[in-house]
Amino acid sequence: MSRFFAHPFDDDKLKEECGVFGVIGVPDAANFVALGLHALQHRGQEAGGIVAYDEAEGFNNARRFGYIRDNFTKADVMEMLPGSLAIGHVRYSTAGSKGNTAIRDVQPFFGEFSMGGAAIAHNGNLTNAAALRRDLIERGAIFQSSSDSECIIHLMAHSIHKSLAERIKDALRAVEGAFSVIAMTRTKLIGVRDPLGVRPLVLGRLGEDGFVLASETCALDIIGAEFVREIEPGEMVVISKGKVDSSRPFHPAKSRFCIFEHVYFSRPDSIHGGRSVYETRRQIGVELARESPVEADLVCPVPDSGTPAAIGFSQESGIPYAMGIVRNQYMGRTFIEPTEQIRNMGVRLKLNVNRALIKGKRVILVDDSVVRGTTSRKIKDMILDAGAAEVHFRIASPPTAWPCFYGVDTPDREKLLAATMSEDEMRDWIGVDSLKFISLDGLYRAVGEAKGRDAKCPQYCDACFSGEYPIAPSDQIARGFEMKAAE
């Protein structure tokens with residue numbers, strides 16, 4: 001049984017696997033890591049962990065279930081993590097035990113090597129983890145967790161290189177899939193992105209000698225760190241004694257950053273590729289209004305992720321923007337055990353309709369995605385129950401028709417509504433007056449690609465929409481997953 005009771009609203013949203021954060025060169029680095037992880041909590045709410053190093057006390061770690069604010073703000077916990085070097089991780093399970101997490105699955109993972117200890121934290125998913133795991137076990141490795149990320153520690157242990165930094169390079173050359181990894185030794189903070197740069201990682205400066213690695217720029221802001229630059233796809237940085245050394249351990253490849261980071265995963269106050277996530281989402285709404293106009297009285301977001309796109313839709317269409325749905329900000333994932341009566345309340349525990357505003361109106365609802373479609377049906381029922389005259393859905397992403405294997409918790413393909421229905425069939429199944437998704441070209445225009453998507457060499461990873469996987473998911477193929485046939 002899962003330690004956490006999933007809310008009925010939560011099972012119809014795609015979820016990022018995790019966020020990573022590391023600090024070197026400041027006293028009480030773990031306190032900064034806790035703040036950074038708090039800013040990255042949207043990337044994983046299941047559990048969190050911090051590893052810190054102090055010359056007098058060596059490596060120490062703390063791993064806890066639940067929110068960062070409930071665990072890593074307590075003096076007795078933070079006093080266990082002294083030192084000027086620390087890394088941390090927030091988790092939502094994808095690979096591994098998926099919703100039945102044991103504390104041993106919580107990162108960062110730590111290993112003791114002949115040349116000293118090292119800890120790693122990983123955002124992403126390894127697509128050859130099952131094959132690696134089998135091979136490592138045959139070679140004598142003893143796994144402590146169900147996480148694919150632990151493979152990296154074992155690959156480091158089997159490397160013949162002398163330095164830990166070289167062992168990390170060696171390990172990551174053997175893995176496939178998506179990874180933004182941060183690691184720490186006794187003296188160094190290390191950051192690596194996979195050759196395609198699917199998952200984000202940024203570098204910041206803190207004070208005179210401190211440096212920060214983080215999944216998003218919003219986590220730099222919370223501790224007052226200065227954004228320096230993004231770690232580039234295929235780049236490895238080794239930070240020590242106030243300097244950053246960069247190398248390129250992988251074969252060069254064209255960047256394929258995850259486009260869904262712009263649509264949903266990242267916080268709107270973050271910046272990717274020099275572009276504001278908020279502005280991209282607002283521009284998605286503009287593109288939606290141009291592609292799929294409809295006569296209506298109000299444009300309402302499905303909070304909170306639909307808000308910037310709804311603002312853009314309203315601005316472009318001239319239809320007034322309104323908060324027709326209000327979100328309960330205090331509805332966490334650990335609320336109460338969902339009895340049958342509570343389950344029947346469904347999405348109403350988290351969202352409530354502004355009845356006085358909605359009654360008699362033709363309403364455009366703007367949401368970020370449709371996965372299974374169950375939440376969309378519940379929201380539509382709530383809007384109609386409140387007396388709306390018409391309900392029109394506008395979706396700020398193309399139809400999600402393929403699973404992600406690069407660090408996103410996507411249902412099996414047959415459970416994705418867009419994998420089995422056309423747009424018109426989805427409209428009828430949800431029961432709304434109209435349903436329109438932004439086109440893939442429209443999404444690319446919104447992220448700044450004026451000519452849209454380059455079909456021969458896509459600028460982003462958009463496999464969840466297109467079925468075109470930049471890295472073959474070898475483990476899944478071995479289990480019978482069928483790739484999209486080449487056109």
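Because the structure is a prediction, the values reported are computed rather than measured.
Residues Ile50 and Leu37 have side chains in contact (heavy-atom distance under 4.5 Å, counting atoms from C-beta outward).
None of Val212, Leu220, Ile239 except one satisfies the side chain to side chain contact (heavy atoms under 4.5 Å, CB included) rule with Leu203; the exception is Ile239.
Heavy atoms from other residues, nucleotides or ligands lying under 6.0 Å from NE2 of His38 number 12 at most. For CD of Glu414, the number of neighbouring non-hydrogen atoms (other residues, nucleotides, ligands) closer than 6.0 Å is greater than 12. Counting non-hydrogen atoms of neighbouring residues, nucleotides and ligands closer than 6.0 angstrom, the NZ atom of Lys415 reaches no more than 12 such neighbours.
Closest non-hydrogen pair, Ala309 versus Ala396, comes out as CB-CB, 3.9 Å. Residues Tyr469 and Pro403 approach most closely at OH-O, 2.6 Å, considering heavy atoms. Scanning both residues, Leu196 and Ala253, for their nearest heavy atoms gives CD2-CB, 3.7 Å. For Ala472 against Thr127, the heavy-atom pair with the smallest separation is O-OG1, 3.8 Å. Across all non-hydrogen atoms, the minimal contact from His272 to Ser266 is NE2-OG, 2.7 Å. Lys243 approaches Asp245 most closely through the heavy-atom pair CE-OD2, 3.8 Å.
Every salt bridge (Lys or Arg N to Asp or Glu O under 4.0 Å) that Glu279 has, sequence neighbours left out, goes to Arg282. Under the ring-ring contact (aromatic ring centres under 6.0 Å, His included) criterion, Phe227 pairs with no residue at all, not counting sequence neighbours. Residues forming a ring-ring contact (aromatic ring centres under 6.0 Å, His included) with Phe250 (at least two apart in sequence, or on another chain): Phe179. Applying the ring-ring contact (aromatic ring centres under 6.0 Å, His included) criterion to Tyr444, with sequence neighbours excluded, gives Tyr460.
Ring planes of Phe260 and Phe265: tilted class, angle from 30 to 60°.
Listed by first and then second residue, the ring pair (Phe, Tyr, Trp, His ring centres under 6.0 Å) pairs involving residues 199-218 amount to none (not counting sequence neighbours). The salt bridge (Lys or Arg N to Asp or Glu O under 4.0 Å) contacts involving residues 213-229 comprise Arg43-Glu216, Arg229-Glu235, where partners must be two or more places apart or lie in separate chains.
Residue Leu298 holds its CG atom at 11.5 Å from OH of Tyr321, rounded to the nearest 0.5 Å. Between Ser215 atom OG and His89 atom NE2 the span is 8.0 Å, to the nearest 0.5 Å.
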Derivation of the side-chain contact (heavy atoms from CB on, under 4.5 Å) call for Arg453 and Ser466: CA-CA 11 Å; Arg453 182 179 189 263; Ser466 67; 3.7 Å; yes
Verdict with reasoning, Ser434 to Arg394, per side-chain hydrogen bond (donor to acceptor under 3.5 Å, both in side chains): CA-CA 8 Å; Ser434 71; Arg394 293 296 179 268; 3.0 Å; yes
Chi angles and distances behind the side-chain hydrogen bond (donor to acceptor under 3.5 Å, both in side chains) call for Asn123, Ser180: CA-CA 5 Å; Asn123 173 212; Ser180 281; 5.2 Å; no
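In terms of modelled atom types and a separation under 3.5 Å, the side chain of Glu449 and the main chain of Ala446 share no donor-acceptor contact. For Asp367 (side chain) and Ile395 (main-chain N/O), no donor-acceptor pair under 3.5 Å exists by modelled atom type. A donor-acceptor pair is defined here as one N or O able to donate and one able to accept, closer than 3.5 Å; no such pair exists between the side chain of Glu316 and the backbone of Ala289.
Of the charged side-chain nitrogens involved, none lies within less than 4.0 Å of a carboxylate oxygen, so that Glu291 and Lys436 do not count as a salt-bridged pair. A salt bridge is defined here as a Lys NZ or Arg NE, NH1 or NH2 lying under 4.0 Å from an Asp or Glu carboxylate O, and Arg427 with Asp424 meets this definition.
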